[in-house]
Colleague: 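The structure follows.
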Amino acid sequence: MINNVYKIIADAVTPLMPSWGISELPRFEVQTPKIEAHGDLATNLAMLLARPLRRAPRQVAEEIKAAIEQATDAFSAIEIAGPGFINFRFGNAFWHGNLYKILHEDRAYLRPDIGGGARVQVEFVSANPTGPLHIGHGRGAAVGLALSNLLSAAGFGVEREFYINDAGRQVKLLGLSVHIRYRQLLGEAVELPEDSYRGDYIADAAQALIDEKGDTYRNMAFEDCREEIVDWSYKRMLADLKADLESFGVVFDTWKSEKSLFASGKVADALDALRAAGHVYEKDGAVWFASSAFGDEKDRVVVKADGEFTYFASDIAYHKDKLDRGFDSIIDIWGADHHGYISRVGAALQAFGLDRDKFRVLLVQIVSLLRGGEPVKMSKRSGEFITLREVVDEVGADIAKFIFLTRRCDSHLDFDIETAKAQSSENPVYYVQYAHARINSIFRQAPSKGFQGVDRNAMGTIDVSCLVEADEIGLIKKLCRYPAVFEGAATSCEPHRITYYLQELAGEFHAFYRNHRVLVEDDRQLGLARMALARAVEVVLHEGLSILGVNAPEEM
RNA sequence: GCGCCCGUAGCUCAGUUGGAUAGAGCAGCUGCCUUCUAAGCAGCUGGCCGGGGGUUCGAAUCCCUCCGGGCGUACCA
């Protein structure tokens, strides 16, 4: 809609350019005004032209208005207002026409193609397989899921990836922790080191190891069975992560192993390539990547003096590998505490001669878990924390996801379990789902109210021209805003815009529902038209919720 | 010290990438169930957009500078 109008304006005005003495139009905007009195769409073109033409903006606006009226009858009114805005209004027929597009579930309408098939990889969660997921991972998962759905709907070829940190110190520590617990369970008097993992899940793993392997590793030094135990332990943890994510509704396309990057020589190759290009040097017994040459604050170590690779070394190889796999862009979703890594990873990509603009990071801020307004105490060291699974079991996946998506991801989020659990108006999820359920209820009632045999999947043939009341037209206008919201959300990678839109749409529907009967028994035509409108609302609610990864229930 | 993020109603937060008179939800008051689901609707109250400068037709939004909060600043992950 906006794009069409942009073109109409540009085409209508182009013939005027010679007389204005300009060869190019400024980058003007077409927007939906906040206030209804300002029309359905507005452009700032006249104000932008005022300066180069050295004329009063309203005077320029008059000229533009005349040109547009000459060129098209698409608008029912064109008005000049304020400092020089040109406001456009559409007639009811225009809105009825748009309603048909939604009723035909025109994909090109609800899902404008902005990706053009470009391949995007979204990497998210990527939690260390050393313990259960916590609430922060849940937020990352919800954002990653919604973003993937959004981009996929917008015409990108999306691949969801989970990066497994199965090569570093953390998984070794996990293995050690499990081994020691294992020996304790078998009666040995051994102590857990200070920095090891604790928590019941370690003991559970140790018990499972006994069940599976007996006392095979009982009298062995950790070093002698390290590989087997580490391997066994993290795979067990990973299986749990995967199961938790699946029950949260998140499924990945690929699981990329850090260890495999080492095994295939990609880490060594990447460092060699940097070395060959002169971006690597040795100092103090360590190997450094000269990232400061590419905008990083300082150079970074890639191989420590003890010969171990740093986490950053495999990260360099990993991100190079992502682009080598042919993605047009790669999006990482990280916890906000990792923001310092953005510039160094970007530096590495640039050093390889790759386009670092293809690399984008979404930072997801910390989640504060509350219960009834009080912070929930969590201590990682003692293993006392509430897991994502526990939260999801308590409040439900839909609610958790929706709440995670009610904020921009770079702002802090308070997640109150009690509030989330409450089946009350405090809960925005229900508000939206309820609208969807109400519409379904209408269609269930229809046959008993004189509307037998109305197929709600085929309402595109119903004459809706009798929908002329302010509530009705307003609701249609709201529906027509969806594509623009969708496009904005996709291009800015901000799925929360969909969340807000859905709340607004649900609100308008609830008001409409309260004020007008849909199944009007003494006016069949009006009843059918309103059913068509309700159906369109249902389609858009369903569409939006599906992007958020939230269910749209038919009954509540 | 340096870097990144944030500061908007009592609380939690949006704000269409610089637009017109600043928006929701919750909390607080007031009404609305004999009619398709009251998990709902209508109304009232609530603001120096952290402070101060600047950029321009126009700033919550961009720049500078203070104040205040979070995070980062490892041969940790």
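These numbers were taken from a predicted model, which means no experiment stands behind them. Chain A is the first sequence line, chain B the second, and so forth, proteins listed ahead of strands; every chain is numbered from 1.
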Colleague: Name the residue closer to the 5' end of RNA chain B, choosing between A:Leu413 and A:Thr491 according to the nucleotide with the nearest heavy atom.
Modeller: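 Looking at RNA chain B, the more 5' nearest nucleotide goes with A:Leu413.
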Colleague: Quick check: closest heavy atoms across A:Ala290 and A:Tyr281, and the distance to 0.1 Å?
Modeller: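 Scanning both residues, the minimum pair turns out to be CB-CE2, 4.1 Å.
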Colleague: Can you pull the side-chain hydrogen bond (donor to acceptor under 3.5 Å, both in side chains) pairs that have at least one residue in residues 37-58 of chain A, sequence neighbours excluded?
Modeller: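 Checked against side-chain hydrogen bond (donor to acceptor under 3.5 Å, both in side chains) - neighbours excluded - the pairs reaching residues 37-58 of chain A are A:Asp40-A:Lys477, A:Arg55-A:Glu63.
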Colleague: Give me the one residue out of A:Leu533, A:Val464, A:Asn515 that meets side chain to side chain contact (heavy atoms under 4.5 Å, CB included) with A:Glu472.
Modeller: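 When A:Leu533, A:Val464, A:Asn515 are each tested with A:Glu472, the side chain to side chain contact (heavy atoms under 4.5 Å, CB included) holds only for A:Leu533.
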Colleague: A:His496 has an atom NE2; how far is it from atom P of B:G25, in whole Å?
Modeller: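 Computing the A:His496:NE2 to B:G25:P distance gives 17 Å.
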Colleague: Using a strict threshold of under 4.0 Å (side-chain N to carboxylate O), is an ion pair present between A:Glu469 and A:Arg530?
Modeller: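 Yes, charged N to carboxylate O under 4.0 Å.
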Colleague: Rounding to a whole Å, what distance do you find between A:Arg27:CZ and B:G18:C1'?
Modeller: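 Going from CZ in A:Arg27 over to C1' in B:G18 covers 12 Å.
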Colleague: Mind checking whether A:Phe415 and A:Ile403 have side chains closer than 4.5 Å, heavy atoms only?
Modeller: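 Counting from C-beta outward, A:Phe415 and A:Ile403 do come under 4.5 Å.
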Colleague: Decide yes or no on ring-ring contact (aromatic ring centres under 6.0 Å, His included) for A:Tyr501 and A:Tyr482, but give the supporting numbers first.
Modeller: CA-CA 8 Å; A:Tyr501 170 83; A:Tyr482 181 81; 5.5 Å; yes
Colleague: Using a 4.0 Å cut-off on protein heavy atoms (strictly under), produce a 5'-to-3' string for nucleotides 68-77 of chain B with B for base contact, S for backbone-only sugar-phosphate contact, and - for none.
Modeller: --SBSSSBSB
Colleague: For each nucleotide in nucleotides 57-62 of chain B, reading 5' to 3', give B when a protein heavy atom comes within less than 4.0 Å of its base, S when such contact involves only the sugar-phosphate, and - otherwise.
Modeller: S-----
Colleague: Suppose you measure atom P in B:U61 against the same atom in B:A22; what distance do you get, rounded to whole Å?
Modeller: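 Here B:U61 and B:A22 have their P atoms 14 Å from each other.
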Colleague: Return yes if the base of B:C32 and the side-chain atoms of A:Arg514 contain a donor-acceptor N/O pair under 3.5 Å, otherwise no.
Modeller: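 Indeed, a donor on one side and an acceptor on the other fall under 3.5 Å apart.
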Colleague: Could you give the NE2-to-P distance, from A:His516 to B:A42, as a whole number of Å?
Modeller: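 Atom NE2 in A:His516 sits about 11 Å away from atom P in B:A42.
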Colleague: Find which nucleotide of RNA chain B each of A:Cys493 and A:Ala437 is nearest to by heavy atoms, and output the residue with the more 5' nucleotide.
Modeller: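 Result: A:Cys493.
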Colleague: Contact list please: residues 517-524 of chain A against RNA chain B, heavy atoms, distance less than 4.0 Å, in numerical order.
Modeller: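 The answer is A:Arg517, A:Val518, A:Leu519.
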Colleague: Between atom OH in A:Tyr431 and atom C1' in B:G25, what is the gap in whole Å?
Modeller: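 So the two atoms are 10 Å apart, to the nearest Å.
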Colleague: For A:Tyr500 and B:A14, say yes or no: do the ring centres fall under 5.5 Å of each other while the ring planes differ by less than 30°?
Modeller: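 By the stated criterion, A:Tyr500 and B:A14 do not stack.
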Colleague: Report the residues that fulfil side-chain contact (heavy atoms from CB on, under 4.5 Å) with A:Gln525, sequence neighbours left out, ordered by chain and then residue number.
Modeller: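 With neighbours one apart ignored, the set is A:Ile462, A:Asp463, A:Cys466, A:Asp523.
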Colleague: Check the distance between B:A38's P and A:Phe512's CZ and give it to me in whole angstrom.
Modeller: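 Nearest whole value for this atom pair: 15 Å.
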Colleague: Which pairs, with at least one residue in residues 501-515 of chain A and sequence neighbours excluded, count as a salt bridge (Lys or Arg N to Asp or Glu O under 4.0 Å)?
Modeller: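 Qualifying pairs: A:Lys478-A:Glu504.
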